[in-house]
Amino acid sequence: MAASTSVKVVLLDIEGTVCPISFVKDVLFPYALKVLPETLKTQWDSPAFAKYRDAFPAEYSSSRDALEAHVRDLVGKDVKIPYLKSLQGYLWEEGYASGDLKAPLFPDVAAKLSEWRHRGITIMIYSSGSVAAQKLLFGHTDASPSDLTPQISDWFDTVNAGLKTDTSSYETIASKHPEFPPAEWLFLSDNVKEVDAAIQAGMRSVVVQRPGNAPLPPDVPQRLKVIETFDSLDDLSVSPN
């Protein structure tokens, strides 16, 4: 690997990168749907719930049945829309607090985050899930200690940054921290389109291929660096793509 400027910021995707896709698809999404009816019944008119309800389009926020049906439809189609993500984060909050939910990290993640921080590397998160949901996940992991939020310096989602496949989103993120030129950022994600977008924005980026992720197209390892564990990034001097 050719020598290059050291990475100063690691920007992390979550699903399929730091935790299994199955946790989101098979645990978090079903949990939200399970508790949704009771939440709508007991909290529909509460001020705490109102901001999540009112973020939905009027044709869905006007009745419990319409909102529930719309949520189930969006989840079934895996639509990543901000008002759904915000509601899911609200529904997950109680599950994390009660201990019903705990995020299973890949074995290398917690130790590597700690190591990077001790080396002076800044760690940030960029996920399609809301910032609130991101903080819940990192605050309730299966690591020891469970709360990894002190390791994270900033949080980005589709609301404060933009769609993850848009180059402009990575430019927006970098502009929030002008002390770090784009070439000093390393974005890690299982999504090839996201990796390509980050590279177009001037960042370095690596594809993370974890257990349970979909197989990569044959051309991807030929044009992009692919890793299976963060331990493959020991020197963090990833060559520019």
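Just so you know, residue 1 is the first one in the sequence shown, and it goes up from there.
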Sequence neighbours excluded - side chain to side chain donor-acceptor pair (under 3.5 Å) pairs with any residue from residues 143-161: Asp147-Thr149, Asp154-His177
Backbone of Lys193 reached by a side-chain donor or acceptor of Asn191 within 3.5 Å: yes
Identify every side-chain donor-acceptor pair in residues 129-136 under 3.5 Å, counting partners at least two apart or on other chains, and give the distances.
unit_1, atom_1, unit_2, atom_2, d
Ser130, OG, Ala133, N, 3.1
Gln134, NE2, Gly129, O, 2.9
Gln134, NE2, Phe156, O, 2.8

Ignoring hydrogens and angles, write down the donor-acceptor pairs under 3.5 Å from the side chains of residues 7-27, residues two or more places apart or on other chains.
unit_1, atom_1, unit_2, atom_2, d
Asp13, OD1, Lys164, NZ, 2.6
Asp13, OD2, Thr17, OG1, 2.8
Thr17, OG1, Asp190, N, 3.2
Lys25, NZ, Asp78, OD1, 3.2
Lys25, NZ, Asp78, OD2, 2.9

Spacing of OG belonging to Ser61 relative to OH belonging to Tyr52, to within rounding of 0.5 Å: 16.0 Å
Closest non-hydrogen atom pair, Ala48 against Lys51: O-CG, 4.1 Å
Arg223/Asp196 salt bridge by N-O under 4.0 Å criterion: yes
Approximate separation, where rounding is to 0.5 Å, of Lys112 NZ and Leu188 CG: 11.5 Å
Glu68/Arg64 salt bridge by N-O under 4.0 Å criterion: no
Pair Glu194-Ser189, side-chain donor/acceptor within less than 3.5 Å: yes
CA sep, side-chain torsions, deciding dist, call: Ser63, Asp65, side chain to side chain donor-acceptor pair (under 3.5 Å): CA-CA 6 Å; Ser63 78; Asp65 290 344; 5.8 Å; no
Atom pair CD1 (Ile152) and CD1 (Ile123), whose distance is rounded to the nearest 0.5 Å: 5.5 Å
side-chain contact (heavy atoms from CB on, under 4.5 Å) between Val206 and Val195, worked out: CA-CA 7 Å; Val206 170; Val195 168; over 6 Å; no
Summary of ring pair (Phe, Tyr, Trp, His ring centres under 6.0 Å) pairs that have at least one residue in residues 207-234, sequence neighbours excluded: Trp116-Phe230
Whether Thr229 side chain and Ser232 backbone form a donor-acceptor pair below 3.5 Å: no
Closest non-hydrogen atom pair, Leu163 against Ser169: O-OG, 2.6 Å
Steps toward side-chain contact (heavy atoms from CB on, under 4.5 Å) verdict (Leu224, Val192): CA-CA 9 Å; Leu224 296 170; Val192 175; 3.9 Å; yes
Gap between atom CG of Leu67 and atom CZ of Arg72 - 0.5 Å precision: 11.0 Å
Sequence neighbours excluded and cut-off under 3.5 Å, please list the side-chain donor-acceptor pairs for residues 86-95, or say none.
unit_1, atom_1, unit_2, atom_2, d
Ser86, OG, Pro82, O, 3.2
Tyr90, OH, Gln43, OE1, 2.2
Trp92, NE1, Leu28, O, 2.7

same_hphob_cluster(Phe56, Trp44) at 4.5 Å side-chain heavy-atom cutoff: yes
Shortest non-hydrogen separation from Lys85 to Ser128 and the atoms involved: CG-O, 3.5 Å
4.5 Å side-chain heavy-atom contact, Asp100 and Lys34: no
Gap separating the OG1 atom of Thr141 from the CG atom of Leu148, nearest 0.5 angstrom: 4.0 Å
Lys NZ or Arg CZ of Arg204 over Trp185 ring: under 6.0 Å, within 45°: no
Separation between CZ of Arg210 and CD of Glu228, rounded to the nearest 0.5 Å: 9.0 Å
Ring centers of Tyr170, Tyr126 separated by less than 6.0 Å: yes
Closest contact, heavy atoms only, Thr167 versus Ala197: OG1-O, 3.5 Å
CA sep, side-chain torsions, deciding dist, call: Leu74, Tyr83, side-chain contact (heavy atoms from CB on, under 4.5 Å): CA-CA 11 Å; Leu74 292 174; Tyr83 60 78; 3.9 Å; yes
Contact check, side chains of Ile227 and Gln209, non-hydrogen atoms, under 4.5 Å: no
Residues in ring pair (Phe, Tyr, Trp, His ring centres under 6.0 Å) contact with Tyr96, at least two apart in sequence or another chain: His140
Identified side chain to side chain donor-acceptor pair (under 3.5 Å) partner of Glu115 from the options His118, Arg117, Arg119: Arg119
Intermediate values then yes/no, side-chain contact (heavy atoms from CB on, under 4.5 Å), Leu233 and Leu186: CA-CA 11 Å; Leu233 296 169; Leu186 173 63; 4.1 Å; yes
